[in-house]
S.K.: 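Sharing a structure below in structure tokens format, with a few things to ask.
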Amino acid sequence: MNAAGGPATGSDFAIPAAMKAWVLGNPGELKAAQKPVPAPKRAEVLVRIDAVAICATDLEVIERGSPALIEGGLPFNKNFTPGHEYMGTVVALGPGVDEYRIGQRVAVEIHAGCGQCKRCREGMYTSCLNYGLNYGKLDKGHRANGFTTDGGFCEYQVNNINTLVAIADDMSDEEATLVVTAGTAMYGLTELGGLVAGESVVVTGPGPIGLLGVAVAKALGASPVMLTGTRDNRLRIGLELGADHVINARNENAVDAVRRFNGGKGVDYVLECSGAPNAVNEAIRMVNRGGKVCLAAFPHGETPVDVAHIVRNNIYLYGIRGEGKSATHRAEAFMSQKRFDATKIHTHTFPLDDLPTAIRYAKERIDDAIKVVVKARGVAAHRVAAE
Ligand SMILES: [Zn+2]
Ligand SMILES: [Zn+2]
């Protein structure tokens, strides 16, 4: 059906006028609310959200506000719905959309960018020069789900087709929420870093991006791949995802261990995912001369850096924000080809109605939680399904 320029919908998916949505009140306060179901415009589809993973950045947004930017400021008490790592089913097509079909399962990238600035034209839409200008300048069309526009802790959301990644039929909803996480590691290592097979990689910090960074690096042919961290249970998962060596920084000097495992010269790349205060100075000593350090974590404070060491050794230091250059499509290809099992980092699923409990599990790492997923349908209330 396509009523004169309106969205095309399918009879299999009745779309209600209103939906459940969580909104951010004061810092740390999520409130259950009802919101209208948005309608897709040109180049957009309506996605029924089937699963959304909780990210450490969501916890930052809910507690501290930043890096979300709503109406040019902090996101509190603005009827804002956070959540950015979601997947779902296409249930309505905006005018002119034939790239996706009703009923298709998709993972959703966070950043749509504006599509018209220099960085968007280069494929670096997470670094859009019009970032956050979707208030007051609506025609800029910029979206970043759960950061500058409403996100995924609700039942439906509109998304630009350029942010969609079609997922394999046999990929579970939970695994599909991890496509963007794997795509972020991919973007840092290949599109921005230029990693080629046979180069050596250290990942510092075994959070979700770090663990999938190990898996992606290994799938790309990096050798050896090492992982540093302070928790043995996380390091063990790193081994299962392909790390050749893991280093517990509580037990030994991580820089010395990295150099020992790679012939004394250091590695070609460090993917820094810990955000620890000394992480940059350690990373620049883990790489060899001319090596590259990709910074993927948000530290809380300013970080002193030994610039002279970087200059003397021709080291490249670069930050990444999220996914870019459609790296998620390549990550999804690795996942659908079973090159690594991303579900090893999914630990818990809760119903959408229990979002505050799910957030507590993620924040306090209750029951060794790593990736906690919430689903609007198909999960019994108060049942914790661990894999
Ligand atoms: Zn995230
Ligand atoms: Zn842009």
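Every number for a ligand or one of its atoms is a count from 1 in the order of the listing.
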S.K.: How close do Cys273 and Ile209 get, counting heavy atoms only, and between which atoms?
M.R.: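 It is SG-CG2, 4.0 Å.
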S.K.: Scan residues 181-199 for pairs that pass salt bridge (Lys or Arg N to Asp or Glu O under 4.0 Å), counting only residues two or more places apart or in two chains.
M.R.: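 Listed by first then second residue: Glu191-Arg330.
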S.K.: So how many protein N, O or S atoms does the Zn ion (ligand 1) have within less than 2.8 Å?
M.R.: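 If we list every protein N, O or S atom nearer than 2.8 Å to the Zn ion (ligand 1), we get 3.
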S.K.: Mind checking whether Phe334 and Phe340 have parallel, tilted or perpendicular rings, split at 30° and 60°?
M.R.: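 Plane angle over 60°, so perpendicular.
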S.K.: What is the number of protein N, O or S atoms that sit under 2.8 Å away from the Zn ion (ligand 2)?
M.R.: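 The number of such protein atoms is 4.
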S.K.: So, Glu175 versus Thr343: side-chain donor-acceptor pair below 3.5 Å or not?
M.R.: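 The answer is no; no qualifying pair exists.
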S.K.: Is the Phe350 to Tyr361 ring centre distance short of 6.0 Å?
M.R.: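 Between Phe350 and Tyr361, the centre distance is under 6.0 Å.
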S.K.: Does the pair Arg234 and Ile370 meet the rule for a side-chain contact (heavy atoms from CB on, under 4.5 Å), with working shown?
M.R.: CA-CA 9 Å; Arg234 295 277 182 109; Ile370 304 179; 3.4 Å; yes
S.K.: If a pair satisfies ring-ring contact (aromatic ring centres under 6.0 Å, His included) and one of its residues is in residues 244-291, list it, with sequence neighbours excluded.
M.R.: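 For residues 244-291: His245-Phe261.
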S.K.: Take atom NZ of Lys118 as the centre, draw a 6.0 Å sphere, and report whether it contains more than 12 heavy atoms from other residues, nucleotides or ligands.
M.R.: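 No, NZ of Lys118 has 12 or fewer neighbouring heavy atoms, counting only those of other groups under 6.0 Å.
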S.K.: Assess whether a salt bridge exists between Lys20 and Glu155, defined as any Lys/Arg side-chain N lying under 4.0 Å from an Asp/Glu carboxylate O.
M.R.: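 Not counted as a salt bridge, because no side-chain N and carboxylate O are separated by less than 4.0 Å.
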